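Owing to the predicted nature of the structure, the values given are computational and were not obtained by experimental measurement.
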Amino acid sequence: PGAHPGGDPDPAPDVHLRTVVDGLDGPRGVDALGRGMTLVTEADGTFSLVVEKGRGHGPRRTRVVELGQVTSSLAPAIALGRGRTVWLLTTADDPGTTADDDTAARLFKWRPWYDAVREVADIGAHQVADPDSADLESNPTESNPFGLTALRDGTVLVADAAGNDLLRVRRNGKVTTVARLLPRTVTVPPGLPGAGSAVPSEAVPTSVTVGRDGAWYVGELRGFPATPGTSQVWRIERGASGATCDPAAPTTGPCTRYADGLTSVVDLATGKHGIYAAGLSKLGWLAIEAETPPPGADIGSVHLLRRAGAEPREIMPGAFRLPGGIDVAGDLYVAGPIFGPGTLQAVGHHRRHDGRHGAAWRRWLG
């Protein structure tokens with residue numbers, strides 16, 4: 001887990017976009033396994049294995065193998081870990097509040113021989129006992145776990161968008177805090193009360209990936225007023241605990257700023273060329289929630305972050321509507337729109353595709 005093998009696409013003119021599978025309902029979670037297989041989740045909590053089979057430039061045949069389901073108000077995040085363990089992370093019932101039912105704000109696992117998913121950790125309960133000391137909304141125990149990645153030692157990293165922290169979940173379900181992301185001062189964008197004034201805004205971490213250097217990278221959505229261009233990506237040293245990601249001191253300590261200038265980041269992925277970041281909307285998430293969304297509010301983005309401090313390079317501008325999840329395994333896979341009918345797409349170079357790969361799913365399921 002983390003960096004996948006293969007040559008992921010450089011944002012060059014010869015890359016092309018193809019639809020892997022359509023007819024998905026609010027797809028979000030994506031984990032590209034390679035060999036023509038990709039895990040994907042949908043709005044009703046269904047998680048499936050998408051299998052591609054084809055050769056060369058000819059038509060590909062796609063099969064969707066439904067694996068299971070977990071009750072969720074939004075498509076859960078998904079990641080494959082050791083021992084063919086599929087990890088699933090549910091959000092809060094009402095984002096921004098503490099979940100109080102039996103499946104919201106929890107980490108689950110599933111294996112091919114399980115009859116159903118099994119709960120591993122209650123993230124919402126952990127946050128009640130570990131309040132956000134930098135909370136700006138008078139609700140320091142709120143929880144909305146949104147992104148995850150599986151580590152090679154069997155533990156799982158969870159980005160909690162409402163708790164403003166990165167958590168680590170042990171195999172026995174014990175949860176510890178890896179890092180806290182502090183608020184940032186931003187300028188209120190035009191069209192909102194107080195436009196032009198400086199206000200504090202919460203980080204809202206939505207995503208986490210393991211870089212090729214072994215470090216842990218966390219992406220921000222950015223809280224109200226959702227000012228475009230103020231989302232950051234942080235680099236946290238592997239194995240860190242109790243770290244602080246501070247916009248006022250972004251170059252010191254175990255958590256340092258890796259990238260800036262992004263908008264409404266909802267997922268990260270690691271590839272050969274660097275870290276990829278998916279943005280929900282180039283106008284910011286608040287534009288989507290407007291009573292009458294402005295034109296272009298549903299146009300998201302995918303950027304490549306080659307190295308710390310480098311200018312983000314956008315891949316195929318205008319091609320992605322409200323992307324919910326991305327991953328890399330040879331090609332770059334993008335799921336969206338996150339609301340309503342959606343697709344799983346792939347960005348890559350024209351190259352041969354081994355038709356034998358599609359048969360590997362039967363061996364994977366055992």
Side-chain angles (χ1 to χ4, degrees), residues 24-31 39-48 66-79 81 85-110 114-132 135 137-150 155-170 172-178 181 202-208 218 221 223 266-267 280 285 288-289 324-325 335 338-340 342:
L24 301 176
D25 178 19
R28 183 173 82 90
V30 178
D31 193 354
L39 293 169
V40 66
T41 66
E42 299 180 68
D44 65 353
T46 298
F47 57 100
S48 304
E66 185 174 322
L67 303 178
Q69 187 176 35
V70 58
T71 302
S72 180
S73 59
L74 186 73
I78 193 168
T85 301
V86 175
W87 296 96
L88 297 146
L89 181 70
T90 59
T91 61
D93 264 353
D94 179 14
T97 66
T98 301
D100 58 3
D101 69 13
D102 293 333
T103 59
R106 284 165 165 80
L107 178 68
F108 295 88
K109 69 178 180 181
W110 177 89
Y114 286 5
D115 292 332
V117 299
R118 300 179 184 179
E119 182 179 326
V120 176
D122 185 335
I123 306 300
H126 168 79
Q127 298 294 41
V128 170
D130 186 34
D132 178 8
D135 171 67
E137 300 179 342
S138 301
N139 192 1
T141 62
E142 63 182 343
S143 177
N144 187 26
F146 203 84
L148 84 163
T149 194
T155 64
V156 176
L157 295 177
V158 171
D160 193 317
N164 291 302
D165 52 11
L166 178 67
L167 307 173
R168 189 173 187 179
V169 184
R170 305 286 178 179
N172 63 1
K174 181 181 178 180
V175 184
T176 57
T177 301
V178 171
L181 284 71
E202 291 188 357
V204 190
T206 55
S207 42
V208 57
V218 179
L221 182 77
V266 289
D267 202 10
L280 182 66
W285 61 265
I288 303 167
E289 297 191 355
I338 194 172
F339 306 114

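Judged by distance alone, with hydrogens and angles left aside, the side-chain atoms of Thr90 form a donor-acceptor pair with the main-chain N or O of Arg106 at under 3.5 Å. Side chain of Glu66 to main chain of Thr46: no donor-acceptor pair is present (N/O by atom type, distance under 3.5 Å, no hydrogens or angles). Remark: the backbone N or O of Val218 is not paired with any side-chain donor or acceptor of Ser207 at under 3.5 angstrom. Proximity of a side-chain donor or acceptor of Asp25 to a complementary backbone N or O of Glu42 within less than 3.5 Å is not detected. Thr41 places a side-chain N or O within 3.5 Å of a backbone atom of Pro76 that can act as its donor or acceptor partner.
If you take CG on Leu107 and CD on Glu119, they are separated by 8.5 Å, rounding to the nearest 0.5 Å. With rounding to the nearest 0.5 angstrom, the CG atom of Asn144 is 6.5 Å from the CG atom of Asp160. Atoms CG and CG, on Leu148 and Leu89 in that order, are 5.5 Å from each other to the nearest 0.5 Å. Note that CD of Glu142 is 5.5 Å distant from CG of Asp135, once rounded to the nearest 0.5 Å. Remark: Leu67 CG to Tyr114 OH distance equals 14.0 Å, nearest 0.5 Å.
Between Thr91 and Ser73, the closest side-chain pair of non-hydrogen atoms falls below 4.5 Å. With a 4.5 Å cut-off on side-chain heavy atoms, Phe47 and Val117 count as touching. Between Thr149 and Trp87 there is no side-chain heavy-atom pair separated by less than 4.5 Å. Considering only heavy atoms from C-beta on, Val266 stays 4.5 Å or farther from Arg28 through its side chain. Between Thr206 and Leu280, every side-chain heavy-atom pair lies at or beyond the 4.5 Å cut-off. Taking 4.5 Å as the limit, some side-chain heavy atom of Leu74 sits within range of a side-chain heavy atom of Phe146.
Within 6.0 Å of CG on Asn172 lie more than 12 heavy atoms contributed by other residues, nucleotides or ligands.
The heavy-atom pair separating Ala92 from Ser143 by the smallest distance is CB-O, 3.3 Å. In plain terms, the two heavy atoms of Ala75 and Gly26 that are nearest each other are CB-O, 3.4 Å. For the residue pair Ala77 and Gly147, the shortest heavy atom distance occurs at CB-CA, 4.3 Å. Nearest heavy-atom pair, Ala121 versus Gly173, reported as atom, atom and distance to 0.1 Å: CB-O, 3.7 Å. Smallest separation of non-hydrogen atoms from Pro140 and Ser138: CD-C, 3.7 Å. When all heavy atoms of Leu181 and Leu166 are compared, the pair lying nearest together is CD1-N, 4.5 Å.
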Take Val70 and Trp110 through the side-chain contact (heavy atoms from CB on, under 4.5 Å) test and state the conclusion after the steps. CA-CA 10 Å; Val70 58; Trp110 177 89; over 6 Å; no
Hey, mind stepping through Val169 and Ile123 against side-chain contact (heavy atoms from CB on, under 4.5 Å) and telling me if it holds? CA-CA 9 Å; Val169 184; Ile123 306 300; 4.1 Å; yes
Test log, rule side-chain contact (heavy atoms from CB on, under 4.5 Å), inputs Asp165 and Asp130: CA-CA 10 Å; Asp165 52 11; Asp130 186 34; 4.1 Å; yes
Before you tell me yes or no, could you show the steps for Gln127 and Leu167 under side-chain contact (heavy atoms from CB on, under 4.5 Å), namely the whole-Å CA-CA distance, both residues' side-chain angles and the distance that decides it to 0.1 Å? CA-CA 10 Å; Gln127 298 294 41; Leu167 307 173; 4.0 Å; yes
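In summary, of the residues considered (Val156, Thr176, Thr177, Val175), a side chain to side chain contact (heavy atoms under 4.5 Å, CB included) with Arg168 occurs for Thr176 alone.
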